[in-house]
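The structure appears below as structure tokens.
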Amino acid sequence: MKRVELSNISKTYDKTVDILSNINVTIEPGEFFVLVGPSGCGKSTMLRMIAGLEEITGGTLKIGDQVANQLPPNKRELSMVFQNYALYPHLTVEQNIAFGLHVKKIKKDEQKKRVTEAAEMLGLTDYLDRKPRALSGGQRQRVALARAIVSEAPICLMDEPLSNLDAKLRAQMRSELRRIQRELNMTMIYVTHDQVEAMTMGDRIMILNQGEIQQVGKPIEIYNYPENPFVATFIGSPSMNLKKATYAREKNQLVLNENIAITVPSTETTTLPNAQYTVGIRPEHITMATEQTLAENRFEVVVTNVEVLGDETIFSFSLGETEWAVKWNGQWQIDIGDVVLIELDFAALSLFDSESDRLVKKSAKAGNRLERKEVLV
Ligand code: ADP
Ligand code: MG
């Protein structure tokens, strides 16, 4: 199996503006790699360059040990599924799935075998004789998927393949796609603008903004330790709360506004050389103050909005111009205008340098670990 290696890749369409720049990443064989970012950030362009459908302006693309910049698409041993998966309306499902094999002059009985297997894997066996118009959106999407699978290309590229489906089907297809990728041991490069898809599907994800890599890593690492405020707000819902704060060295406090100043433990003061930081905290890390809460970490806030979602409650309060969200498990009877006593702990904060935007202090709240195996059985 071959890795896909991008070194210093750049792209411009008009020779003036770089749509992509400094793209350096290696996608490992068998990996489910997700490329995520807002609309227009260059995801499709990057995927199409890997596929050979778009010229590479600068840098080197390698597939395995071979430089692939000039390699024609059909020599790259990859398959591709687009958002608008075009099926041939006059062909049956079976013929649509087998279309590429037919073009490649694969023997009839081999074609049959692969189509039967793929149809079974995707629950399309009963629909092989139908025409695409007699299928639901989800079924059509699966036909497009089956077509990629029967090609048996070791590398599969997908560009927002689920975005035309309704929420329930999308959730179902997420896990189905992941299962198929594992079963076939494919290398998957998957483009989406949806951070939930990225978080749930990717072995690793790459976050792109305005043509530049923001961060590459395992989903949970990125969630816990976002390298800059863009990533912090892009991954996670509600977003990480952010606020520019002043570090008042003489009082050892990070001042968010006139009411809220968070005390910096004396052991941490040397790690804060500057006067300005962007403070970040995940909504679930703003907890309810209890009797154990240090007095200096307790703050009264006035609720400005509430959403009770059944299993969790989200409310917000304002910090000057910005609204901060708080997420608590379970159902809480909170109304707009209520005063709530919260705990804000320095340990839970992420701090970003206010000039470079780099993460300078990680949050210490990183989830739970099962200590003993017996807990699992
Ligand atoms: P994404 O898939 O992340 O939404 P795209 O890769 O499609 O973004 O586009 C990235 C940028 O490149 C956008 O600003 C888009 O307008 C521009 N772009 C895409 N295709 C072309 C093209 N063929 N000619 C000129 N500009 C293009
Ligand atoms: Mg796109």
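Note: hydrogens, waters and symmetry copies are ignored here, and every other heavy atom, side chains too, is used. Counting starts at 1 for both ligands and their atoms, in listed order.
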### Message
To check you understand the geometry: which heavy-atom pair defines the closest contact between Thr322 and Lys243, and what is its length?
### Response
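Result for this residue pair: OG1-CD, 3.3 Å.
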### Under 3.5 Å donor-acceptor, Gln181 side chain and Met186 backbone
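Indeed, once roles are kept as given, a pair shorter than 3.5 Å links the two residues.
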Among all protein non-hydrogen atoms, which one is nearest to [atom], and what is the separation to 0.1 Å?
{"atom": "atom 8 (O) of ligand 1", "result": "Gly42 N, 3.3 Å"}
{"atom": "atom 14 (O) of ligand 1", "result": "Gly40 O, 3.9 Å"}
{"atom": "atom 7 (O) of ligand 1", "result": "Ser44 CB, 3.8 Å"}
{"atom": "atom 18 (N) of ligand 1", "result": "Tyr13 CE1, 3.3 Å"}
{"atom": "atom 9 (O) of ligand 1", "result": "Thr45 OG1, 3.8 Å"}

### Query
Does any pair with a residue in residues 60-69 pass salt bridge (Lys or Arg N to Asp or Glu O under 4.0 Å), and if so which ones, sequence neighbours excluded?
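Every pair satisfying salt bridge (Lys or Arg N to Asp or Glu O under 4.0 Å) with a residue in residues 60-69: there are none.
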### Message
Check this for me - ligand 1, Ile19, N or O atoms closer than 3.5 angstrom, yes or no?
### Response
no
### Query
Are Glu343 and Arg298 close enough for a salt bridge, meaning some N to O gap below 4.0 Å?
no
### Query
Which one of Trp328, Trp332, Trp324 satisfies the ring pair (Phe, Tyr, Trp, His ring centres under 6.0 Å) criterion with Phe315?
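When Trp328, Trp332, Trp324 are each tested with Phe315, the ring pair (Phe, Tyr, Trp, His ring centres under 6.0 Å) holds only for Trp328.
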### Message
Other residues, nucleotides and ligands only: do more than 12 of their heavy atoms fall within 6.0 Å of CD on Glu183?
### Response
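Yes - once you tally the heavy atoms of other residues, nucleotides and ligands closer than 6.0 Å, there are more than 12.
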### Exceeds 12 heavy-atom contacts within 6.0 angstrom, atom CD of Gln139
yes
#### Entry: For the Mg ion (ligand 2), every protein N/O/S atom that sits closer than 2.8 Å, waters excluded
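Correct list: Ser44 OG.
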### Message
Check for me whether the distance between the ring centres of Phe99 and Tyr88 falls short of 6.0 Å.
### Response
yes
### Query
Tyr190 vs Phe32 aromatic rings, parallel, tilted or perpendicular, using cut-offs 30° and 60°?
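Tilted: the ring planes of Tyr190 and Phe32 meet at 30° to 60°.
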